[in-house]
Amino acid sequence: MEISSAADIFSILGHPDRLSVFRLLMRFAPRGQRPTEIAQALGLKQNTLSHHLRDLVACGMIGVTRQGRSLYYCADLNMAEALIGYLALDVGRARPDLLAPLTSGRPIPYRGADGQNTVNVLFVCSGNSARSIMAEALLRDLGAGRFNACSAGTRPASAPNPAALQVLQQNGHDLRHLRSKHIREFQTAAAPKMDFVFTVCDMSAADDCAPWQGYPMTSHWGVPDPVLAQSAQDAALPAFARTYTALRRKIAAFVALPVTMPDRAALQSRIDAIALIQQES
């Protein structure tokens with residue numbers, strides 16, 4: 001990256017709101033977001049957001065595509081890589097003392113953050129009552145002991161949704177130990193360090209959480225909220241069953257991955273691809 005291009009990008013990202021927009025889109029990458037969703041998540045006025053999006057597109061840090069009548073804005077991962085590389089390798093002169101904390105925070109290949117053969121995985125949604133609870137139970141059983149599956153919420157409910165528990169029970173999952181809990185339980189010094197953190201609802205992905213210990217790999221595997229997906233004519237159980245099926249497809253694909261592969265970038269690409277697995281109608 002040329003110094004003039006880098007300076008332009010730093011100037012654009014130097015505005016707090018534009019930086020917030022880019023950080024939000026990075027949390028959803030490789031998927032895009034509509035302006036209304038971005039504005040709602042960040043509390044920005046639509047006309048103000050339009051100016052920020054225009055500037056970010058102009059400097060190449062985000063792209064825009066049209067799907068039907070809607071515009072979707074997405075972080076450009078190639079440009080993000082180029083900017084980070086410029087900072088680390090050119091500005092930072094590739095000094096090992098500066099790069100070591102970034103590259104040695106996670107041992108590769110993965111053996112699990114606790115040093116054992118299990119891999120710690122956390123699923124996050126807003127209420128921790130349905131989607132993340134289902135994901136926890138699915139990974140625990142489909143993973144056959146290879147994974148320590150956990151779940152939490154940014155605004156947890158008092159207990160798991162009864163319809164979610166019923167669907168899990170109908171599919172043969174053990175309901176013991178499933179409870180709704182706050183994400184803070186996994187952000188303390190005593191909490192197990194996570195190898196992977198997956199958000200499964202857009203609201204939790206939009207929340208600006210504190211950095212995770214140990215730099216786990218992350219991705220957004222958003223699926224529709226079964227409570228909102230059910231219609232007035234549709235009982236709750238079918239909507240929850242569809243959510244279960246959508247999550248099962250994603251988690252089955254994750255379980256099939258060689259999560260001990262030494263190439264972190266390749267593994268990130270594989271888990272991002274899982275995010276694009278479409279829900280069956």
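None of these values were measured; they are calculated from a predicted model.
In this structure, Gln33 CD and Leu25 CG are separated by 7.0 Å, a value rounded to the nearest 0.5 Å. Rounding to the nearest 0.5 Å places OG of Ser20 at 6.0 Å from CG of Leu42. Asn161 CG to Thr243 OG1: the interatomic distance, rounded to the nearest 0.5 Å, is 10.0 Å. Between the CD atom in Gln40 and the CD1 atom in Ile38 there is a gap of 11.5 Å [rounded to 0.5 Å].
In this structure, Phe147 has its ring center no closer than 6.0 Å to that of Phe196.
Between Arg34 and Tyr73 there is no side-chain heavy-atom pair separated by less than 4.5 Å. Inter-residue side-chain proximity for Leu168 and Ile133 is flagged as met; some heavy-atom pair is nearer than 4.5 Å. Residues Asn148 and Asp195 are not in side-chain contact: their nearest non-hydrogen atoms beyond the backbone lie 4.5 Å or more apart.
Every pair passing side-chain hydrogen bond (donor to acceptor under 3.5 Å, both in side chains) that includes a residue from residues 46-56 is listed here, sequence neighbours excluded: Arg18-Asp55, His51-Arg54.
Put simply, Val255 and Val223 are part of the same group of oily side chains (I, L, V, M, F, W, Y) that touch within less than 4.5 Å, one to the next. Met26 and Phe198 are members of different hydrophobic clusters when ILVMFWY side chains are connected at heavy-atom separations under 4.5 Å.
Note on Glu37 versus Arg31: no salt bridge recorded, every NZ/NE/NH1/NH2 to OD/OE distance being 4.0 Å or above. Residues Glu136 and Arg131 are not paired through a salt bridge, judged by the lack of any N-O separation under 4.0 Å between the basic side chain and the carboxylate.
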